[in-house]
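Inspection log for the structure reproduced underneath, given as structure tokens.
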Amino acid sequence: MQRQNRLGQNRQFSYVYRRGKKASCRELSLLYVRSKEKRVGFSVSKKVGVAVVRNRTKRRLREAVRPLLPQMKSGLYVFVARPAAAECSFQELESRVKYLLRKVESLRAPAEEHK
RNA sequence: UCGGGCGGCCAGGCGAUCGCGCAGCUUUUGCUGUGAGGAAAGUCCGGGCAUCACAGGGCAGGGUGCCGGCUAACGGCCGGUGGAGGCAACUCCAAGGAAAGUGCAACAGAAAGAAACCGCCCCAUGCGCAAGCAUGGAGUAAGGAUGGAAAGGCGAGGUAAGAGCUCACCCGCGCACUGGUGACAGCUGCGCGCUGUAAACCCCACCCGAUGCAAGAUCCGAACAGAAGCGAUACGGCUGCCCGUCGUGCUUCUAAAGAGAUCGCUACGACCGUAUGGCAACACGCGGCCAAGAUAGAUGAUCGUCCAACGACAGAACUCGGCUUACGACCGCACCGACAGC
RNA sequence: UGGGGUAUCGCCAAGCGGUAAGGCACGGGACUUUGACUCCCGCACUCGUAGGUUCGAAUCCUGCUACCCCAG
């Protein structure tokens, strides 16, 4: 994922936490704010597990979001992992991510997207 | 063969597609190289480095604690001494001082540093034919009961009964002697017989300035205004207190208070081989080989294949030496024990 | 990254070397026509865990584990 598509700075995260629309399932939460830019951030707290588990969860989330990036509407996204996410396989996470993106209605139909 | 003891090594490999951090080259798009650990962990010690303070001293405070060596240093390592465990190989040990002083030792028990409850023995008086009993006095630590611990152990002599009271042997402590750098060991001589606890206070010896890379340095931008008070005191630093010393004008109110960038940032210390010294830790010489450096934080996804196995424990954040803890598999030993065979 | 604290019954907790207080809750009984109140009785063999010191450890020492808090 390119740096321009990442969410940096704590203040950007706080902004999304304050203004964002929220969608949740058992493993993940998603916060979304409309914006000109398209940036994605990930938050995995210590409740999820030790450093190895947190890093793995974050990597899997990044990898799950990356192919969907062109189809997503521009805006600021924050994915928050909940403790159940540590047990998930990559495929499960991928389907959860898609589900949440549809829930906030930010995922365009793949047909609309033209490279 | 089984069970143990000690030591060592590895940390999934290869290929394909997509993707990430850093560096270089290109230039606007890619290419090449490279990219977590033995514990990166816990943060329990000790160095480096940085800032502040250096005129130090005293009292507090903290740490270490058998001896010798190694090390930049250590609470680490090596080799010994003593003790404990084990049939053994071997392993483990905060292992100075209880005769400087204070405290504590519940319950039990007569008594917990000095002791007479029962008992034993003697004397006197009374009763009784006697055996003996009662009362009083004196002696006694051999026996009883309690306890974690009861005043060195055991045997003999001795005695009214007893007692290191005396003697032999053993144990322990101190001094002298011998060996050893030393802890200590040895045996002889002399003297003595002292409860335990210092991971209770404490004493003795040695060591310790504070804070930590979010340390700290540089740059850009913004701001840099006003009022009052104090005046040789005030404030701040030197871990706490006292002395002392150093620095600065200081303090309060109102107003304004910000987001960054760069450096620090990783290659000069590990590792491998080898010569020399040393039992060893280690020292020293020569040769070789190593290049993560992010700043919401880089290693993943899918497939194939080897494989018993998705692989165990687990993710760098200034850095190094240790310690501790977590954990998968493998190998070696002219190391030990048991059983069987030759 | 650095620093500090806590862990004792189901819950809140006292205890600081000598047999683990107390309250709530819970169980049984009494009182009452019944319930509540009240009264009586009961309720901690590993004091988070593993070792050590001591005659004796929840307490002292050491190593772990979990949780909470503070600074930036």
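Per chain, numbering begins at 1; letters A, B, ... match sequence-line order.
- When the P atom is used for both C:U53 and C:A58, the distance is 16 Å, rounded to whole Å.
- Applying the Watson-Crick and G-U wobble criteria (two distances, each under 3.5 Å), B:A84 pairs with B:U91.
- Straight-line distance from the CZ atom of A:R60 to the P atom of B:C310: 15 Å, rounded to whole Å.
- Comparing the C1' positions of B:G273 and B:C2 gives a spacing of 41 Å, expressed to the nearest Å.
- Separation of the P atoms belonging to C:G4 and B:U211 is 11 Å when rounded to the nearest angstrom.
- Nucleotide B:U197: paired with B:G103 (Watson-Crick or G-U wobble, both distances less than 3.5 Å).
- Looking at heavy atoms from C-beta onward, A:S29 lies out of side-chain contact with A:F79 at the 4.5 angstrom threshold.
- Taking atom C1' in both B:A108 and B:A145, the straight-line distance is 11 Å, to the nearest Å.
- Atom name P, nucleotides B:G147 and B:G152: the rounded distance is 23 Å, in whole Å.
- The side-chain heavy atoms of A:Y77 and A:V65, taken from C-beta on, include no pair separated by under 4.5 Å.
- Using N1 to N3 plus N6-O4 or O6-N4 for Watson-Crick, or N1-O2 and O6-N3 for G-U wobble, each under 3.5 Å, B:C22 pairs with B:G33.
- Rounded to a whole angstrom, the distance from the C1' atom of C:C55 to that of B:G109 is 16 Å.
- We find that NZ of A:K58 is positioned 7 Å from P of B:G297, with the value rounded to whole Å.
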Under-3.5 Å N/O pairs linking protein and nucleotides 313-317 of chain B:
{"from": "B:G315", "atom 1": "OP2", "to": "A:V52", "atom 2": "N", "distance (Å)": "3.4"}
{"from": "B:G315", "atom 1": "N7", "to": "A:R59", "atom 2": "NH2", "distance (Å)": "3.2"}
{"from": "B:G315", "atom 1": "O6", "to": "A:R59", "atom 2": "NH1", "distance (Å)": "3.3"}
{"from": "B:G315", "atom 1": "O6", "to": "A:R59", "atom 2": "NH2", "distance (Å)": "3.1"}

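- Between A:V78 and A:L30 there is no side-chain heavy-atom pair separated by less than 4.5 Å.
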